[in-house]
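Small disclaimer: the values here were computed from a predicted structure and weren't measured.
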Amino acid sequence: MNLTASPLSRLRLSAHQRSALLLGVALLIPLGLLSTCSPKRSTLEEIHALGVLRVSTVNSPTTYYIDAGGDPTGFEYELAQGFAEHLGVKLELSVAASPPQALEQVVGGQVHLAAAGLGVSPGRSQLVRFSPRLLQVVPLLVYRQGQPRPKDLGDLNGQLRVVKDSVQAEHLRELAPRYPTLAWDESDDLEAEDLLFKVAEGELDYTIANSDLVAINQRYYPKLRAAFSVADSQDIAWALPSDGDSSLLDAVTAYLHSVGEEELARIKDRHFGHIEQVDAFGALTLATHAETRLPRYKAAFEAASRKTKIDWRLLAAIGYQESHWDPGAVSPTGVRGIMQLTNATAAFLNVADREDPIQSIHGGSRYFSQLLAQLPAEISEPDRTWMALAAYNIGLGHLLDARRLTVERGGDANRWLDVRQTLPLLSQSKWYSKTRHGYARGQQAVIYVGNVRTYYDMLTWITGGPVPQPQQAPEPQPLPPEPERRRDPLDINSPIL
């Protein structure tokens, strides 16, 4: 062999050699196809091979979150978990900062599907394929009570803000030619729930949000009002890759069909069932229920008070905030009874029937007493009680997360005033990504504590006792000379006080 010959010269073969080579290649091709080349696996086959279904989602009361008992829950989470079990694989969640980001994870191939409260739209349908409809919602223009109600998008007089790259932003771009004066901005750091809170607080004039999210938030922010629908009803569905492989879409379709309309309606009712609106939690309603409902349960609250050494009126105030003293009350997340116990909490407390008012009152009172005992010893009263109330609403783990963030922000984790200012940050990805327990609706816990404190004062007044005075008030709140001048945290005038 001529080692000094060029590569091209070494490739010059005789006619006989070329014929032999071609024959050998022809014989090897079928063998190679059989031995080294196999058809590409479908997405569904890959999921079975991995043993994992990767799903992108978002923290939202309509989609996925950690409940007060520390367990994952949410309408789409429950369906996704069921689908993973249907496939015989594990569910692996990737929590995105927003629905548009969850959609990007599907397009980028990071997850198998997105279950993130995604509205189906023409623009999005060019990027992904959607599953059959899970829900139908209506995009609503939301404003604050006390402000003029706009008739349409051309009647707005103030700032309108929506989430960046959302379906709501798509709607506005489509409708802009019809309303020459229409103007809006898009937020890339606040989610829809944050914008609703800003409207409720008067920091923003308008936003657009889906009807399910609006309904849930009106429980906590009674000044939120829906002016009109921005578009027709809109489908919420899962997003899957648009890559020509229909195996996963076929499996999702078959699964949703197997769930059936009846079971799907049950799941929807558990998470979105009708509940009493917050604006009914006014002083007049409490006065009425104190006469008509409370007498039936007062003895149970007093008995629970004797066992826990907690003022029965505080326990009753918790029960009123939770259910209006309605033993049949059911929340959007499936908690039940006067004290709104979860299944897990009821089992832990040996409460056999959550809708039995006596069992619920004694169980909820024991649970609140245990939360008080579990808080760090350095938290003194009344801050200890206020923090235990927040933990009753969102879970002890989320409260402890808020205390750690309070320290990080330079505050005092043993003071309710400082922790109260931190709790709303638990709904912002910038902050909850640093915590152990993740997203929580912290602002609603703040409202919850304020409501219970107000109802406690009102019940003390109604029952003839002195208004409780905290030994170490987290903030100066001297009582005015005339009790009727006092207002509750929701700006509802009390006809009693």
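- Atom-to-atom distance recorded for L153:CG and W184:CH2 is 9.0 Å, nearest 0.5 angstrom.
- T435 places no side-chain N or O within 3.5 Å of a backbone atom of W431 that could act as its donor or acceptor partner.
- Here the side chain of R293 pairs a donor or acceptor atom with the backbone of H324 at under 3.5 angstrom.
- Between S60 and Y65 the shortest heavy-atom distance is O-CD2, 3.4 Å.
- A donor-acceptor pair under 3.5 Å is formed between the side chain of N217 and the backbone N or O of L213.
- Classification of the Y367-Y392 ring pair by plane angle, with boundaries at 30° and 60°, yields tilted.
- Annotation: side chain of V52 is not in contact with side chain of V89 (no heavy-atom distance under 4.5 Å).
- Q168 CD to L141 CG: the interatomic distance, rounded to the nearest 0.5 Å, is 11.0 Å.
- Pairs of residues two or more places apart, or lying in two chains, that qualify as salt bridge (charged side-chain N to carboxylate O under 4.0 Å, His left out) and include a residue from residues 124-140 are R129-D243, R133-D235.
- No more than 12 heavy atoms of other residues, nucleotides or ligands sit less than 6.0 Å from atom NZ of K90.
- Considering every non-hydrogen atom in both V419 and T406, the closest pair reads CA-OG1, 3.6 Å.
- The shortest non-hydrogen separation linking P61 to R441 is CB-NH1, 3.3 Å.
- For the residue pair Q444/N393, the side-chain donor-acceptor check at 3.5 Å is not satisfied.
- Under the side-chain hydrogen bond (donor to acceptor under 3.5 Å, both in side chains) criterion, E85 pairs with Q81, sequence neighbours left out.
- Without hydrogens or angle criteria, T57 side chain to A115 main chain gives a donor-acceptor distance under 3.5 Å.
- Judged as a salt bridge (charged side-chain N to carboxylate O under 4.0 Å, His left out), not a single pair has a partner in residues 337-347 (not counting sequence neighbours).
- Side-chain N or O atoms of R144 include none that pairs as donor or acceptor with a backbone N or O of L224 at under 3.5 Å.
- Checked by atom type, the side-chain pair N343/R336 shows no donor-acceptor distance below 3.5 Å.
- Between V106 and A239 the shortest heavy-atom distance is CG2-O, 3.8 Å.
- In terms of heavy atoms, V120 sits closest to A237 at CG2-CB, 3.9 Å.
- Screening residues 234-263 for ring-ring contact (aromatic ring centres under 6.0 Å, His included) gives F83-Y255, H86-Y255 as the qualifying pairs, with residues at least two apart or on separate chains.
- A donor-acceptor contact under 3.5 angstrom links the side chains of Q105 and S94, judged on distance only.
- Side-chain contact, S187 with D189: a donor N or O sits under 3.5 Å from an acceptor N or O.
- Within a 6.0 Å sphere centred on CG of D185, heavy atoms belonging to other residues, nucleotides or ligands number more than 12.
- In this view, Y432 and Y439 satisfy the ring pair (Phe, Tyr, Trp, His ring centres under 6.0 Å) rule, not counting sequence neighbours.
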Residue pair N210, T62: steps toward the side chain to side chain contact (heavy atoms under 4.5 Å, CB included) verdict: CA-CA 10 Å; N210 289 339; T62 62; over 6 Å; no
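- A side-chain donor-acceptor contact under 3.5 Å links S42 to the backbone of E45.
- In terms of modelled atom types and a separation under 3.5 Å, the side chain of D245 and the main chain of S247 share a donor-acceptor contact.
- Note on E186 versus K164: no salt bridge recorded, every NZ/NE/NH1/NH2 to OD/OE distance being 4.0 Å or above.
- Sequence neighbours left out, not one pair with a member in residues 109-149 passes ring-ring contact (aromatic ring centres under 6.0 Å, His included).
- In this structure, W386 contributes its side chain and R415 its backbone to no donor-acceptor pair below 3.5 Å.
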From CA spacing to verdict: side chain to side chain contact (heavy atoms under 4.5 Å, CB included), L156, Y179: CA-CA 10 Å; L156 303 186; Y179 302 100; over 6 Å; no
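- Sorted by first and then second residue, the pairs that involve residues 54-65 and meet salt bridge (charged side-chain N to carboxylate O under 4.0 Å, His left out), not counting sequence neighbours, are R54-E92.
- A pairwise comparison of heavy atoms in T63 and A116 identifies CG2-CA, 3.8 Å as the closest pair.
- Put simply, OG1 on T43 and CG on L53 are 11.0 Å apart, with the number rounded to the nearest 0.5 Å.
- Every residue meeting the side chain to side chain contact (heavy atoms under 4.5 Å, CB included) condition with V107, not counting sequence neighbours, appears here in chain and number order: L127, V128.
- For A329, the side chain to side chain contact (heavy atoms under 4.5 Å, CB included) partners at least two apart in sequence or on another chain are S323, D326, Q340.
- For residues 384-402, the salt bridge (charged side-chain N to carboxylate O under 4.0 Å, His left out) pairs, not counting sequence neighbours, are D401-R404.
- With hydrogens and angles disregarded, no donor-acceptor distance shorter than 3.5 Å links the side chain of S233 to the backbone of Q136.
- With sequence neighbours left out, S429 forms a side-chain hydrogen bond (donor to acceptor under 3.5 Å, both in side chains) with no residue at all.
- Sorted by first and then second residue, the ring-ring contact (aromatic ring centres under 6.0 Å, His included) pairs with a member in residues 188-214 read F197-Y221; sequence neighbours excluded.
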Candidate pair V452 and L314, rule side chain to side chain contact (heavy atoms under 4.5 Å, CB included), full reasoning: CA-CA 8 Å; V452 173; L314 177 59; 3.9 Å; yes
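- Between D383 and N414 there is no side-chain heavy-atom pair separated by less than 4.5 Å.
- Between I236 and E76, some side-chain heavy-atom pair lies under the 4.5 Å cut-off.
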Side chain to side chain contact (heavy atoms under 4.5 Å, CB included) evaluation trace for F75 with I267: CA-CA 7 Å; F75 173 67; I267 297 172; 3.6 Å; yes
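- Side-chain contact, Q443 with E201: no donor N or O sits under 3.5 Å from an acceptor N or O.
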Verdict with reasoning, R41 to E46, per salt bridge (charged side-chain N to carboxylate O under 4.0 Å, His left out): CA-CA 6 Å; R41 288 191 299 190; E46 288 180 357; 5.3 Å; no
